[in-house]
Asks: 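Following this message is one structure expressed as structure tokens.
Naming convention: chains lettered A, B, ... in sequence-line order (proteins, then strands); numbering from 1 in each chain.
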Number of protein chains: 2
Amino acid sequence: MSLRHALLALLDAGPMTGYELAKHFDQSADRVWHAPHPQIYTELRTMEGAGLVVAEEQPRGPKARAVKRAYRLTEDGARELRRWVAEEETPAPLRDTAYLKATYFEYAAPETVRRQFERHRAHHLEQLHRWERHVAQLRARDTELLRRRLSLAPEAAHDAIVAYKVHVYEGMAARARVEIDWADRGVELVDKLTTP
Amino acid sequence: MSLRHALLALLDAGPMTGYELAKHFDQSADRVWHAPHPQIYTELRTMEGAGLVVAEEQPRGPKARAVKRAYRLTEDGARELRRWVAEEETPAPLRDTAYLKATYFEYAAPETVRRQFERHRAHHLEQLHRWERHVAQLRARDTELLRRRLSLAPEAAHDAIVAYKVHVYEGMAARARVEIDWADRGVELVDKLTTP
DNA sequence: TGTTACATGTAAGTCGTTACATGATTAC
DNA sequence: GTAATCATGTAACGACTTACATGTAACA
């Protein structure tokens, strides 16, 4: 049930609409959680029912023929977020298609295997750049969300807030580097196996 | 739909019962995929209906008052496995509770955060040992499944079969090391933040 | 006038988890 | 006899995906 907590966490920086939240899960650099928009809208409604968030309907545009719903945390929502952060995680069960598939690469043609390693590499290189950019922005305290969050917290807490986020995204970067390295050694392996 | 392919892959080494397959997903070292037994039994029935596997009912014990169903791949099943291996994977969407939570560690007490990093470390250290043991066993060609698989394959293919598996589990070990390192730096960070 | 971005949803289906349920066999 | 392991399932629920659906607003 972590989508709920991902949403609570984003909303703790200030009110947002479902649409804005969905953008964070889809496109922004600070996404360690993914969710498609239908799941977000329904979860927000459920959370509203559970009293974790409240929605304020806002008019859109000058003619105001449409409304948008901006959600903000309630006391209960803020408490639930803090409770969850302190709670110990049980490690997630392992499910990795790329590695599962690679276990049986002997069934595929060498060019196919090589292409798959190269795609794997390209994907994680892109991710790496994304994480590195984000770490730089966090250090500069130059992201929208972080600025909002810092403005709500006492000065003394700022360093910790920034440091934990930097630590997370540096961790993501380190992970990406491992994947790139794995793919590189994969390509080398294909070469070694084809030219004996 | 990768449970299906994980099952096809295991069955390609020879017939197995649902119970044996479930053990591989739960307990054995060579699990890059997890699934609980109800899902396995139902998926096997579905796959049987789709003609990817056939079941042979075998008597259990001398009195044979119970039966077990050993599944083996059909031609279609083996073909589907090979098709899937050659198919390019789209990268899985990111969903990581540990990292998501760590992003908001400023909300928890330092001892709580420290405990969480230590648990993270302990978990991945255990995993690391598991992967390392498995790599050693694969190199020695000393796992039940590998022996069965090699016995079905031509001598010339043996090196590739072993090499890809070694590569996967070395990759898993490398991942575990990154997590351990991340947790270590996490503990250091807590210390730094608490003793200024 | 048409395209892109904003904004919110429903519905159907698949995949995964958890609890419940049953019974046989093996080893002590 | 009793506990552990073998062996197979059903049922209910929760999480996630995909397709469909609708309309507004901003901009060129």
Side-chain angles (χ1 to χ4, degrees), chain A residues 1-8 15-28 31-50 53 55-71 89-97 100, chain B residues 1-8 15-28 31-50 53 55-71 89-97 100:
Chain A
M1 215 203 260
S2 266
L3 170 58
R4 168 165 303 191
H5 299 109
L7 292 170
L8 289 173
M16 265 195 249
T17 65
Y19 185 82
E20 288 170 308
L21 288 161
K23 266 201 305 183
H24 278 281
F25 286 111
D26 263 18
Q27 301 156 25
S28 78
R31 47 152 192 64
V32 287
W33 198 267
H34 172 266
H37 79 264
Q39 206 191 351
I40 292 167
Y41 286 114
T42 51
E43 182 61 24
L44 284 170
R45 291 287 184 165
T46 310
M47 288 163 72
E48 197 184 9
V53 294
E56 194 198 338
E57 300 210 338
Q58 297 173 347
R60 289 176 54 204
K63 290 162 190 168
R65 268 183 301 190
V67 281
K68 58 180 176 181
R69 298 168 59 82
Y71 291 89
E89 277 308 312
T90 47
L94 212 59
R95 246 178 234 116
D96 190 304
T97 352
L100 173 62
Chain B
M1 213 203 261
S2 264
L3 170 59
R4 169 165 302 190
H5 299 109
L7 291 170
L8 289 172
M16 266 196 250
T17 65
Y19 185 83
E20 289 171 307
L21 289 161
K23 266 200 307 182
H24 277 281
F25 285 110
D26 263 17
Q27 300 156 27
S28 78
R31 45 155 192 64
V32 285
W33 198 265
H34 172 265
H37 78 264
Q39 205 191 354
I40 293 167
Y41 285 114
T42 50
E43 182 61 26
L44 284 169
R45 291 286 184 165
T46 310
M47 288 163 72
E48 197 184 8
V53 295
E56 193 198 338
E57 299 210 340
Q58 297 172 349
R60 289 175 54 202
K63 288 163 192 169
R65 268 184 298 188
V67 281
K68 58 181 176 182
R69 298 168 59 82
Y71 291 88
E89 276 311 311
T90 47
L94 211 58
R95 246 175 232 119
D96 190 302
T97 353
L100 174 62

Asks: Can you identify which nucleotide, out of D/dT8, D/dT17, D/dC6, has its nearest atom closest to the B/R45 side chain?
Replies: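 That would be D/dT8.
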Asks: Take the protein atom CD of A/E43 and the nucleotide atom P of D/dT17, then report the distance between them rounded to whole Å.
Replies: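 Interatomic distance, CD of A/E43 to P of D/dT17: 14 Å.
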Asks: Which whole-number value in Å describes the distance from B/L44 CG to D/dT8 C1'?
Replies: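 About 11 Å, once rounded to whole Å.
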Asks: Output side-chain donor-acceptor pairs under 3.5 Å for residues 38-47 of chain B, partner residues at least two apart or in another chain, one line each.
Replies:
from, atom 1, to, atom 2, distance (Å)
B/Y41, OH, B/Y19, N, 3.3
B/T42, OG1, B/P38, O, 2.9
B/T42, OG1, B/Q39, O, 3.0
B/E43, OE2, B/R4, NE, 2.9
B/E43, OE2, B/R4, NH2, 3.2
B/T46, OG1, B/T42, O, 2.9

Asks: If you define the side chain from C-beta out and look only at heavy atoms, does anything of B/R95 sit under 4.5 Å from A/V32?
Replies: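 No, their side chains stay 4.5 Å or more apart.
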Asks: Is the shortest side-chain heavy-atom distance between B/W33 and B/L7 below 4.5 Å?
Replies: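 Contact flag for B/W33/B/L7 side chains = no.
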Asks: Between N or O atoms, less than 3.5 Å apart, protein on one side and nucleotides 10-14 of chain C on the other: list the pairs.
Replies:
none

Asks: In whole Å, what is the span from the CD atom of A/Q39 to the P atom of D/dA15?
Replies: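 It is 9 Å, rounded to the nearest whole Å.
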Asks: Measure from CE on A/M47 to C1' on D/dG14 and round the result to the nearest Å.
Replies: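 In whole Å, D/dG14 C1' and A/M47 CE are 16 Å from each other.
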Asks: Could you check how far CD1 of A/I40 sits from C1' of D/dA15, rounded to whole Å?
Replies: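 Taking CD1 of A/I40 and C1' of D/dA15, I get 13 Å after rounding.
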Asks: Using heavy atoms to find the nearest nucleotide of DNA chain D for B/Y71 and B/K23 separately, return the residue whose nucleotide is more 5′.
Replies: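 Its nearest nucleotide being more 5', the pick is B/K23.
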Asks: Between B/P93 and B/T17, which is nearer to the 5' end of DNA chain D once each is assigned its nearest nucleotide?
Replies: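 Result of the comparison: B/T17.
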Asks: What is the distance from atom OH of B/Y71 to atom CD of B/E48, rounded to the nearest 0.5 Å?
Replies: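 Rounded to the nearest 0.5 Å, the OH-CD separation comes out at 5.0 Å.
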Asks: Can you measure from CD (B/E56) to NZ (B/K68) and round to the nearest 0.5 angstrom?
Replies: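 Output value for this atom pair is 10.5 Å.
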Asks: Under 4.0 Å between any heavy atoms, over every strand shown, what does A/R95 touch: base, sugar-phosphate, or nothing? Just pick one.
Replies: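 Contact class for A/R95: sugar-phosphate only.
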Asks: Considering only D/dA7, C/dT8, C/dT18, which nucleotide approaches the side chain of B/K68 most closely?
Replies: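 From the listed options, D/dA7 comes nearest.
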Asks: OG1 of A/T97 to CG of B/L3: how many Å apart, nearest 0.5 Å?
Replies: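 It is 12.0 Å, given to the nearest 0.5 Å.
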Asks: Tell me which nucleotide among C/dA7, D/dT8, D/dC6 gets nearest to the side chain of B/R60.
Replies: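 Between C/dA7, D/dT8, D/dC6, the one nearest the side chain of B/R60 would be D/dC6.
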Asks: CE of A/M16 versus P of C/dC6: gap in Å, rounded?
Replies: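 Rounded to whole Å, this separation is 14 Å.
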Asks: Write down the distance between CG (B/L21) and P (D/dG9), rounded to a whole number of angstrom.
Replies: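 Distance check: B/L21 CG to D/dG9 P gives 13 Å.
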Asks: Side chain of A/H34: nearest nucleotide among D/dT17, D/dA7, C/dG9?
Replies: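 So the side chain of A/H34 is nearest to D/dT17.
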Asks: So, for B/H34 and B/F25, which heavy atoms are closest and what is the spacing to 0.1 Å?
Replies: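 Looks like CD2-O, 3.6 Å.
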Asks: Expressed as a whole number of angstroms, how long is the span from B/E57:CD to C/dA24:P?
Replies: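 It is 16 Å, rounded to the nearest whole Å.
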